[in-house]
Amino acid sequence: MPTFHFYPIDITYRIVSGKPVIYLYGRTKDGQRIAVADRFDPYFWAIPQKKSVKERLENLSGEKDGESYSVTSVEEKKKRLLGKEVEALKVTVSQPKDVPLVRELIREWDDIQSVHEADILFTRRYLIDKKIIPMTLVVVEGEEGREESRIPVIAATAIRPAEDEETMKGLGILAVDIETYYPKGKGIDMDNNPILMLAVHGETISRVITWKRFATKRRSIEFVQDEAALLHRFREIVLEEQPDIITGYFSDGFDLPYIKRRAEKLKVNLDIGADFSGISLKKGMDTESKITGIAHFDVIKFVRGGLRTSIATDSYSLNAVASKLLGETKHEVELDDLAEVWDKRPEKLEPYCDYNLQDALLTYQLAEKLLPNLTELVKLIGLPLQDCNRMSFSQLVESFLLRKEGEFDEIAPEKPTEHELAKRRKVRLQGAFVHEPTPGLYHDLAVYDFRSLYPSIIASHNISPDTVREADTLEEGAFVVREEKVAYSTAKKGFIAAVVEEVITRRMRVKDILKKKKDPFLEARAMMLKILANSFYGYLGFPSARWYSFACAASVTALGRRYITETIEKAEKAGFKVLYSDTDSIFLSLQGKSKAAAKKFVDDINEHLPGLMELEYEGFYPSGIFVSAKDNKGGAKKRYALLREDGSLVIKGFEAVRRNTSVIAKEVQEHVLKAILEKADDKKALNYLHGVIKGIREKKLAVEKMVIRTRLTKPISSYDAIGPHVAIAKQMKGKGIDIAPGAIIRYVVTTGGGRIRDRAKLPEATKQSEYDADYYINNQIIPAVEKIFEVFGHTKEELLGKGAQMRLLEF
DNA sequence: ACCAAGCGGGG
DNA sequence: GTGTACGCTTGGT
Ligand SMILES: [Mg+2]
């Protein structure tokens with residue numbers, strides 16, 4: 001019997017002669033594309049009320065809407081439900097579609113207590129039970145069968161994960177991007193507007209296909225007869241390239257559905273799937289595009305999903321994400337003119353082809369860059385790339401728990417009913433602890449934070465839905481969270497606490513290896529482990545979670561508050577002064593104590609912290625400034641600036657790090673912060689400010705410095721409140737330029753009467769004499785520095801130079 | 001204050 | 001498909 005070593009990348013199932021067969025698609029170790037067919041039977045769990053129900057279940061079969069269903073076997077198994085031992089029944093049915101039918105039927109039976117895991121997708125159940133992890137080596141025994149398929153199908157007689165968990169490397173990625181015809185101002189219309197060009201970029205190909213000829217020396221541009229021929233070429237390229245991954249940017253909702261629709265319209269057979277199927281759309285609130293045998297990596301879904309908290313961007317456009325992650329941008333062309341150029345001036349099409357190819361290239365580079373992270377997530381969660389790509393944090397956690405439960409003999413609690421869901425949505429969790437800063441300039445600060453505060457609390461205090469006890473429990477060793485009137489058993493490690501502990505310790509091991517040598521794959525693994533660990537707290541409070549527990553989620557934040565306040569008390573007792581604290585971080589003033597003492601403080605704390613909990617010394621800062629909040633005397637949260645020992649600045653929350661502030665206001669703010677933090681020289685900063693104000697008044701500063709950038713978040717027509725950026729977008733539209741939502745609108749406020757929005761102008765159309773000095777001084781610069789100077793007792797009048805003039809007059 | 005509806009990305 | 005995203009903003013009441 002031949003043996004195959006292969007990496008599965010995609011999975012599906014089919015009914016063959018009435019029986020379900022799993023199809024794994026992937027590549028062998030030596031690069032051959034193969035499929036593996038394996039029989040597998042669907043099942044779920046039932047908890048009986050009476051033992052006699054087993055026989056009743058065994059004999060269950062019937063018909064619904066002309067389709068028959070049947071239970072093929074029922075097996076008794078000792079399992080655990082939230083830690084409690086139960087006599088569960090493993091109910092095997094003949095086909096996956098029987099599961100929901102049998103499930104609904106028996107839920108009504110009096111002798112059934114509850115039904116579990118009757119909604120786990122069949123292919124996922126297979127991967128879990130067979131311990132198969134996508135993109136990770138699998139050993140298959142079997143013969144090649146004769147099936148209608150683009151690639152050989154091995155009928156498996158045995159399948160098991162390889163010992164060494166080796167990861168798939170060198171995957172073939174093909175990036176796809178299309179540009180389509182659209183008359184100005186009209187929305188996307190897949191039925192009526194053709195695809196004009198289609199760009200593909202891969203390791204061995206970089207090409208634009210288009211169907212209007214023009215003179216060009218570009219070897220990357222390929223001309224075809226018409227749109228149908230373009231689609232044929234796309235099919236050919238995919239079949240030639242045999243990519244493991246097709247990637248795009250919002251290709252779930254745009255490129256692939258568009259290609260599919262046009263192919264249907266033009267009767268082009270797009271049978272690019274391994275089983276000769278085409279692009280399939282899974283429609284819901286959102287569309288997911290799939291191709292059998294190929295993983296579809298939609299970059300935007302990963303950036304907005306699993307990586308959301310790790311990549312800070314206020315826009316998820318390809319341009320914004322590419323410039324953030326790659327330092328590269330899209331080409332600049334007037335896309336709104338493409339239809340007109342196509343119709344009337346085809347000789348001007350070349351820049352559009354270049355633009356199209358650049359989009360494909362950027363997407364390819366993004367996919368390549370993010371693939372280590374996505375691969376590690378696939379290995380961690382155990383689901384195909386196609387799924388991990390699109391999952392939210394809570395879905396990732398739940399999938400991970402479903403993969404882990406077997407080790408604990410656990411079966412998953414039921415998903416909440418609509419009623420239960422509504423109840424869960426009503427309750428609110430109390431948030432984290434915040435010590436408001438007192439506005440001021442401080443010297444010699446030490447900053448600390450608890451490493452992975454919430455995950456370490458879960459692991460160290462055995463916070464888990466299966467360890468929850470009454471607050472007055474007599475159980476020995478139970479840990480009471482008096483704040484939430486609940487206790488946690490310590491007799492046995494809880495399921496979720498154990499899983500979180502494993503994630504944290506795995507990450508610590510990876511970090512240890514990384515200290516010795518750099519490895520981008522291990523970096524990615526550490527990052528994904530951190531993301532997963534940090535998702536558990538949110539999961540426990542996520543209404544749709546199977547392992548939802550309000551008590552656990554509330555206890556996590558309560559303990560977070562408890563630990564941080566206790567640490568602050570100890571710091572004050574030791575002679576430090578707390579300046580600011582939020583959730584898991586503490587900013588202390590050294591009060592004359594040494595840097596060494598500041599560093600040693602963590603040891604005194606860590607000595608008394610349980611389990612995996614640890615306070616980390618983040619660093620020493622020679623100076624820092626906290627300012628007051630907008631409408632209150634107290635200090636603002638998440639808004640401060642620190643000076644590092646190497647002279648660099650850490651700026652949080654200030655306009656200087658926000659987009660919709662003018663260039664000049666950001667510049668002034670950063671300059672003032674630097675002068676104050678470096679030399680505590682508010683006079684010098686004030687002089688600088690006066691210089692800038694004078695420069696603006698005398699129009700000596702360039703228009704470019706006055707530019708304000710604001711993002712258009714929706715179509716112009718749907719704005720009711722017309723801000724200056726909307727007014728500008730309207731003007732541009734009036735000139736025949738259609739501005740799409742997501743566009744960053746640049747504008748300058750000019751002099752004249754009336755509302756700001758009536759005085760906003762395009763920077764390119766504004767002369768240096770035209771910008772409104774008063775607006776920039778009073779509405780941009782002063783608000784940006786007012787709170788900073790307030791710390792030194794400087795009034796707004798002084799900032800404007802009026803105070804100084806008065807003083808001059810006094811002499 | 002609360003709730004329902006809309007929206008993102010793509011052309 | 002053993003199925004129905006999600007989190008935030010906006011506008012109405
Ligand atoms: Mg494009």
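At least one side-chain nitrogen or oxygen of A:Ser392 sits closer than 4.0 Å to the OP1 or OP2 atom of C:dC6. For C:dG1, neither phosphate oxygen OP1 nor OP2 lies less than 4.0 angstrom from any side-chain nitrogen or oxygen of A:Lys97. Checking the phosphate oxygens (OP1, OP2) of B:dG9, no side-chain nitrogen or oxygen of A:Lys330 falls inside 4.0 Å. Between A:Tyr316 and B:dG10 there is no side-chain N or O to OP1 or OP2 distance below 4.0 Å.
In this structure, a donor-acceptor pair under 3.5 Å is absent between the side chains of A:Gln95 and A:Tyr69. Residues A:Ser277 and A:Thr292 have side chains that bring a donor and an acceptor to within less than 3.5 angstrom of each other. If you check the side chains of A:Asp298 and A:Asn389, you find no donor sitting under 3.5 Å from an acceptor.
Nucleic acid contact for A:Tyr258: none, since no nucleic acid atom lies under 4.0 Å from a heavy atom of the residue. Among the atoms of the strands shown, base atoms are found under 4.0 Å from some heavy atom of A:Pro96. Residue A:Gly187 is in base contact, counting any heavy-atom pair closer than 4.0 Å across all strands shown. Using a 4.0 Å heavy-atom cutoff across all strands shown, A:Lys426 reaches no nucleic acid atom at all. Residue contacts for A:Ile178: at a heavy-atom cut-off of 4.0 Å it reaches the sugar-phosphate backbone alone, with no base atom in range. Among the heavy atoms of the strands, none lies under 4.0 Å from A:Asn356.
Between A:Leu101 atom CG and C:dG3 atom P there is a gap of 10 Å when expressed in whole angstrom units. As rounded to whole Å, 12 Å separates atom P of C:dT2 from atom CZ of A:Phe40. Spacing between atom CZ of A:Arg425 and atom C1' of B:dC3 amounts to 13 Å, rounded to whole angstrom units. If you take CG of A:Leu362 and P of B:dG10, they are 12 Å apart, rounded to a whole angstrom. In this structure, CG of A:Asp286 is placed 17 Å from P of C:dC8, rounded to the nearest angstrom. When rounded to the nearest whole Å, the span between CG of A:Leu366 and P of B:dG9 equals 15 Å. A:Gln386 has its CD atom 14 Å from the C1' atom of C:dG1, to the nearest Å. As a whole-Å value, the separation of A:Lys260 NZ from B:dG10 C1' is 18 Å.
Of the candidate nucleotides B:dG10, C:dT2, C:dG1, C:dT2 has the atom nearest to the side chain of A:Pro42. Each of B:dG11, B:dG10, C:dG3 was ranked by its minimum atom distance to the side chain of A:Leu318; first place goes to B:dG10. Proximity note for A:Asp177 (side chain, C-beta onward) versus C:dG3, B:dG11, B:dG9: the nearest is B:dG11. Set against B:dG11, C:dG3, C:dA5, the side chain of A:Ile188 has B:dG11 as its closest nucleotide. Checking C:dG3, C:dT2, B:dG9 against the side-chain heavy atoms of A:Tyr13 singles out C:dT2 as nearest. Picking from C:dG3, C:dT4, C:dC6 the nucleotide with the shortest atom distance to the side chain of A:Phe542 gives C:dC6.
Nucleotides B:dG11 and C:dA5, compared at atom P, are 26 Å apart to the nearest Å. Straight-line distance between the P atoms of C:dC6 and C:dG1: roughly 15 Å, to the nearest whole Å.
Of the candidates A:Phe214, A:Tyr352, A:Trp211, A:Tyr181, A:Trp342 forms a ring-ring contact (aromatic ring centres under 6.0 Å, His included) with just one, namely A:Trp211.
Of the charged side-chain nitrogens involved, at least one lies within less than 4.0 Å of a carboxylate oxygen, so that A:Arg345 and A:Glu340 count as a salt-bridged pair. Remark: A:Asp119 does not engage A:Arg103 in a salt bridge, criterion side-chain N to carboxylate O under 4.0 Å. Salt bridge status for A:Asp129 with A:Lys131: absent, with no side-chain N to carboxylate O gap under 4.0 Å. Comment: A:Glu288 does not engage A:Lys301 in a salt bridge, judged by the lack of any side-chain N to carboxylate O separation of less than 4.0 angstrom. Using a 4.0 Å cut-off between charged nitrogen and carboxylate oxygen, A:Asp387 and A:Arg124 count as a salt-bridge pair. At a threshold of 4.0 Å, the pair A:Glu414-A:Arg546 does not count as salt-bridged, since none of the basic side-chain nitrogens sits closer than that to a carboxylate oxygen.
A heavy atom closer than 4.0 Å to some atom of DNA chain C occurs in A:Glu117, A:Ala118, A:Asp119, A:Ile120, A:Leu121, A:Phe122, A:Arg125, these being the qualifying members of residues 113-127 of chain A. Taken residue by residue, residues 298-312 of chain A places heavy atoms nearer than 4.0 Å to DNA chain B at A:Ile300, A:Arg304.
Note: A:Tyr25 and A:Tyr23 have parallel aromatic rings, judged against thresholds of 30 and 60 degrees for the angle between ring planes.
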